[in-house]
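A short worksheet on the structure shown next.
Since the structure is predicted, the reported quantities are computational estimates derived from the model, not experimental observations. Just so it is clear, the values below take in all heavy atoms, side chains as well, and ignore hydrogens, waters and symmetry mates.
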Amino acid sequence: MGLGSSYFIRTFGCQMNKYDSERVAGLLQAEGLSPASSPDEADVIVFLTCCVREGADERLYGQVASLKRLKTAGRSPLIAVGGCIGQRDGEALQKRIPHVDVVFGTHDLHELPRLLQRVTEESRPQIARRDSSSMADFTRVVPERREHAFHAWLPISVGCDNFCSYCIVPFVRGREISRPLAEIDDIARALVADGVREITLLGQNVNSYGRDLYGEQRFAEVLEAVAATGVSRLGFATSHPKDLTSATITTMAQTPAVLRYLHLPAQHGNDEILQAMRRGYTQAQYRALAAELRAQIPDVTLSTDLIVGFPGETEAQFEDTLELVRAIGFDQVFTFIYSPRAGTRAASLADRIPRDVALERFERLTELVQHSAAGRNAALLDSTQSVLIEGPSKREPALMTGRTRGYKLVHLKAPADLIGQERAVRITAAHPFYLEGTLA
């Protein structure tokens, strides 16, 4: 029995999930399926999930539960849930939402077509959830359908060895495994030969690349090697402050292809909370890294993650986070209210912060970070930026969107034939979360 003619993928969470979605699309297209514009039109519906925050759980379960209507309306699409929630919940997910046909973990993505086929043959749900990844998963050839011809994700490592007290990632993605440098170089060269202009290197902690494979960090060498392929733009995510070295900063500064952008999660501005989070650095060390970055790369765009309401957080400790934002002046901040994740150390900590207190602190932090971002963007008014045109705006289709080399979002009017091209753009307006411009 066939799987039908169309598929729909919904993706939650990080860039690694976006890459996994491209792999799922490639696998399904290899089975003869084509993308559908909505779940209502699809024969196969796949969710790639995130469980880092409680809100992602709630959205996923709500959206999947709502698809039961499709199973009772004369249609019977196959529904699959993968990624981190699939890895964490396994059979419990299928029992909670019985109309889910397939649950697959982070290490079993390549099995999806076989699992779907078994559902059609055996008329029963299929669960696949291995406990860990291996180097074979890196070397396994899985077809990809890139969202943009000009951009490619390139995972250089998977998993994480940090075990921050609040974070579920090491439990659902496994321990860190690095891809051999020669293999990264070969893939990058093939991508450039295929017309890719921008490559984003991926890893739960890209800075520590090579420690497991070579006994030392070699991330700066990865940047040099991939830049040497001739790729126009080179980015990476995500970085951990304790593993960001001066060698990496210098390579960023001296390598024109590397984007002038770094996402460096601080998580908090108080040393006692950072220690309870098991982050491995102090706020003074974080500030020193930010100062070194701006000394070597004056136009660097610096973004971060900050958590509000970690167990035991006092008002004075929260004020330290506000002071960190004032002192550094971030271009962008992703703010979160702490949510306990079962299985992590922090989940068992006492002295939970009342929800209303956490919300009030969250609102104060949000107001401050918007002010910081607006000021940083305003400094670019009337400047000319090199912008990669990505495509029509989802909210305003009459406009195009693009990214500067500092990875700032720009809205502008441009012809469709410039998609995938890098053009000079004069910045005409600045807002907290995006810029407006015109082709120079």
Side-chain angles (χ1 to χ4, degrees), residues 9 11 13-27 29 48 83 106-107 109-110 133-160 169 173-174 176-214 217-240 243-244 248 251-252 255-264 388 390 403 405 407 420 422:
I9 301 172
T11 309
C14 67
Q15 293 95 332
M16 192 69 80
N17 274 6
K18 293 178 182 178
Y19 170 69
D20 284 347
S21 294
E22 292 186 352
R23 299 169 75 202
V24 167
L27 287 166
Q29 290 204 21
L48 271 297
T106 56
H107 315 303
L109 180 148
H110 62 284
S133 198
S134 68
M135 187 59 67
D137 295 322
F138 255 149
T139 56
R140 180 180 286 109
V141 176
V142 176
E144 301 169 18
R145 177 187 177 270
R146 297 200 304 271
E147 181 180 1
H148 301 294
F150 56 84
H151 175 269
W153 309 104
L154 203 176
I156 64 169
S157 64
V158 293
C160 182
V169 167
R173 286 285 181 180
E176 187 170 310
I177 302 174
S178 298
R179 197 173 208 155
L181 183 56
E183 185 178 324
I184 295 170
D185 183 68
D186 288 343
I187 294 171
R189 291 185 182 280
L191 290 171
V192 172
D194 194 38
V196 169
R197 299 182 60 87
E198 181 176 276
I199 292 174
T200 303
L201 307 177
L202 292 182
Q204 268 71 46
N205 180 13
V206 292
N207 298 136
S208 64
Y209 169 84
R211 186 178 291 152
D212 61 308
L213 197 58
Y214 304 112
Q217 291 172 240
R218 296 181 63 178
F219 182 60
E221 292 180 46
V222 177
L223 290 178
E224 292 171 351
V226 177
T229 64
V231 68
S232 299
R233 295 162 57 112
L234 176 60
F236 56 91
T238 292
S239 299
H240 195 297
D243 295 312
L244 179 61
T248 294
T251 300
M252 289 178 63
T255 309
V258 177
L259 296 178
R260 270 37 193 164
Y261 168 70
L262 182 66
H263 183 64
L264 193 65
L388 178 64
E390 296 181 339
R403 297 276 179 176
R405 284 192 165 259
Y407 214 63
E422 200 164 5

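The closest side-chain heavy-atom distance from Leu223 to Leu201 is below 4.5 Å. Inter-residue side-chain proximity for Phe236 and Leu262 is flagged as met; some heavy-atom pair is nearer than 4.5 Å. The side-chain heavy atoms of Glu144 and Arg23, taken from C-beta on, include a pair separated by under 4.5 Å. Contact check for Glu390 versus Phe150: side-chain heavy atoms found under the 4.5 Å cut-off. Counting heavy atoms from C-beta outward, Arg403 and Leu259 have side chains that stay 4.5 Å or more apart. Contact check for Met16 versus Arg173: side-chain heavy atoms found under the 4.5 Å cut-off. For the pair Arg405 and Glu422, the minimum side-chain heavy-atom distance is below 4.5 Å. Side-chain contact between Val158 and His107 is absent, with no heavy-atom pair separated by less than 4.5 Å.
Once rounded to the nearest 0.5 Å, the distance linking CG of Leu191 with CG of Asp186 reads 11.0 Å. Atoms OG1 and OH, on Thr11 and Tyr19 in that order, are 14.0 Å from each other to the nearest 0.5 Å. Atoms CG and OG, on Asp212 and Ser157 in that order, are 8.0 Å from each other to the nearest 0.5 Å. For the atom pair NZ of Lys18 and CG of Leu48, the computed distance is 12.5 Å after rounding to the nearest 0.5 Å. If you take CG on Leu234 and CE on Met252, they are separated by 9.5 Å, rounding to the nearest 0.5 Å. How far CG of Asp20 is from CG of Leu27: 10.5 Å, rounded to the nearest 0.5 Å.
The heavy-atom pair separating Ile9 from Ala25 by the smallest distance is CD1-N, 3.7 Å. The two atoms that bring Val206 and Ser239 nearest to each other are CG2-OG, 4.0 Å, heavy atoms only. The minimum heavy-atom distance linking Asp243 with Ser208 is given by the pair OD2-CB, 3.9 Å. Nearest heavy atoms, Ala220 versus Thr251: CB-OG1, 3.6 Å. Taking all atoms of both residues into account, the shortest heavy-atom contact from Val226 to Ala188 is CG1-CB, 4.0 Å. The two atoms that bring Asn207 and His240 nearest to each other are OD1-N, 2.8 Å, heavy atoms only.
Within 6.0 Å of the CD atom in Glu147, the count of heavy atoms belonging to other residues, nucleotides or ligands does not exceed 12.
Between the side chain of Gln204 and the backbone N or O of Glu176 there is no donor-acceptor pair closer than 3.5 Å. Side chain of Ser178 to backbone of Gly210: a donor-acceptor contact under 3.5 angstrom is found. A donor-acceptor pair under 3.5 Å is absent between the side-chain atoms of Thr248 and the main chain of Leu244, judged by distance alone. Between the Tyr209 side chain and the Arg179 main chain, a donor and an acceptor come within less than 3.5 Å of each other. With Arg197 contributing its side chain and Gly420 its backbone, the two residues share a donor-acceptor pair below 3.5 Å. The backbone N or O of Ala237 sits nowhere less than 3.5 Å from a side-chain atom of Gln15 that would complete a donor-acceptor pair.
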Discussion item. The test is side-chain hydrogen bond (donor to acceptor under 3.5 Å, both in side chains); show your working for Thr200 and His151 and say whether it passes.
Written reply: CA-CA 8 Å; Thr200 303; His151 175 269; 2.8 Å; yes

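When Leu202, Val231, Ile184 are each tested for a side chain to side chain contact (heavy atoms under 4.5 Å, CB included) with Leu154, only one passes: Ile184.
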